[in-house]
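Accompanying notes for the structure given below.
Order of listing sets the numbers, starting from 1, for every ligand and every atom in it.
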Amino acid sequence: MADCVFCKVVAGEIPAAIVKRTDRLLAFRDINPQAPAHMLVIPTQHVASLEQVGDGALLGEMVLFARELARAAGIAERGYRVVINTNPDGGQTVYHLHLHVLGGRSLTWPPG
Ligand code: 5GP
Ligand code: ZN
């Protein structure tokens, strides 16, 4: 997708702090972190939002990928949060499916 910021990250056209990469998934640090650890997991193929996902296996891979990242970052034991903001009321601002992995501090609930 030509105008998609995360497709540009996948293509290397926008620099990002890449954490982990496979053929299907990419993880990188959020540019505006909301916690000491804040990473994003995205599919390398463009999907606009959770509402557009047809491939349940892809979502499963993304969640397990997030768990791997949390373990590797050393935040898994104390705890972390995995979030998919979806559409305007969900707080989605970038319309390329992404999963937030947040941790490294005690997170409050409800999120707001
Ligand atoms: P959303 O609000 O759509 O759930 O989350 C989008 C996230 O992408 C935000 O947390 C925002 O900080 C992050 N973000 C937006 N543009 C960029 C970028 O160019 N690079 C990186 N690393 N993160 C970005
Ligand atoms: Zn995209």
Side-chain angles (χ1 to χ4, degrees):
M1 282 272 291
D3 285 338
C4 172
V5 62
F6 287 174
C7 282
K8 288 182 176 165
V9 170
V10 171
E13 292 165 12
I14 290 179
I18 306 292
V19 179
K20 193 173 166 77
R21 153 170 242 154
T22 67
D23 280 352
R24 268 159 71 87
L25 302 178
L26 181 67
F28 54 98
R29 299 197 188 287
D30 196 294
I31 203 167
N32 182 24
Q34 301 301 310
H38 187 175
M39 296 163 278
L40 302 172
V41 176
I42 66 170
T44 53
Q45 295 293 312
H46 183 85
V47 180
S49 85
L50 181 57
E51 283 296 302
Q52 270 71 49
V53 174
D55 180 1
L58 174 69
L59 282 180
E61 283 175 39
M62 290 176 73
V63 173
L64 292 178
F65 203 74
R67 186 181 71 178
E68 274 177 42
L69 297 178
R71 289 177 177 175
I75 59 173
E77 193 171 337
R78 286 185 64 88
Y80 59 99
R81 189 171 292 168
V82 172
V83 175
I84 304 177
N85 295 327
T86 304
N87 282 348
D89 276 5
Q92 185 170 6
T93 58
V94 176
Y95 281 77
H96 179 129
L97 176 66
H98 54 280
L99 191 152
H100 296 259
V101 185
L102 296 143
R105 67 171 170 85
S106 182
L107 300 164
T108 56
W109 191 266

Can you tell me the protein heavy atom closest to [atom] and the distance?
atom                    : answer
atom 9 (C) of ligand 1  : D30 OD2, 3.3 Å
atom 22 (N) of ligand 1 : R29 O, 2.9 Å
atom 16 (N) of ligand 1 : F6 CE2, 4.2 Å
atom 5 (O) of ligand 1  : H98 NE2, 3.0 Å

Proximal heteroatom of H96 relative to the Zn ion (ligand 2) (N/O/S): ND1

H46 atom (N/O/S) at minimal separation from the Zn ion (ligand 2): ND1

Path from F28 to V41 over hydrophobic side-chain contacts below 4.5 Å: no

Please determine whether residues M62 and V82 belong to a single hydrophobic cluster, defined as Ile, Leu, Val, Met, Phe, Trp and Tyr linked transitively by side-chain heavy-atom distances below 4.5 Å. yes

Under 6.0 Å between ring centres, would you say that holds for H98 and H100? yes

Side chains of F65 and V63 in contact at under 4.5 Å (non-hydrogen atoms): no

Taking C-beta and beyond as the side chain, do E68 and K20 meet within less than 4.5 Å on heavy atoms? yes

Examine ligand 1 and decide if any of its atoms is less than 4.0 Å from a heavy atom belonging to L40. yes

Would you say [X]'s side chain and [Y]'s backbone share a donor-acceptor pair under 3.5 angstrom?
X   : Y   : result
Q34 : N32 : yes
T86 : I84 : yes
R71 : E77 : no
Q92 : N87 : yes

Need one value: angle at the Zn ion (ligand 2), C4 atom SG versus C7 atom SG, rounded to 10 degrees. 120°

For [X], the ligand 1 atoms whose distance to one of its heavy atoms is below 4.0 Å:
X   : value
F28 : 21 (C), 22 (N)
N32 : 12 (O)
Q92 : 3 (O)

Please check if the number of heavy atoms outside E51 that lie under 6.0 Å from its CD is greater than 12. no

Pairs of nitrogen or oxygen atoms closer than 3.5 Å, one from [X] and one from ligand 1: do any exist?
X    : value
H100 : yes
V94  : yes
T93  : yes
A16  : no

For atom 20 (N) of ligand 1, which of V5, I14, I31 has the closest heavy atom? I31

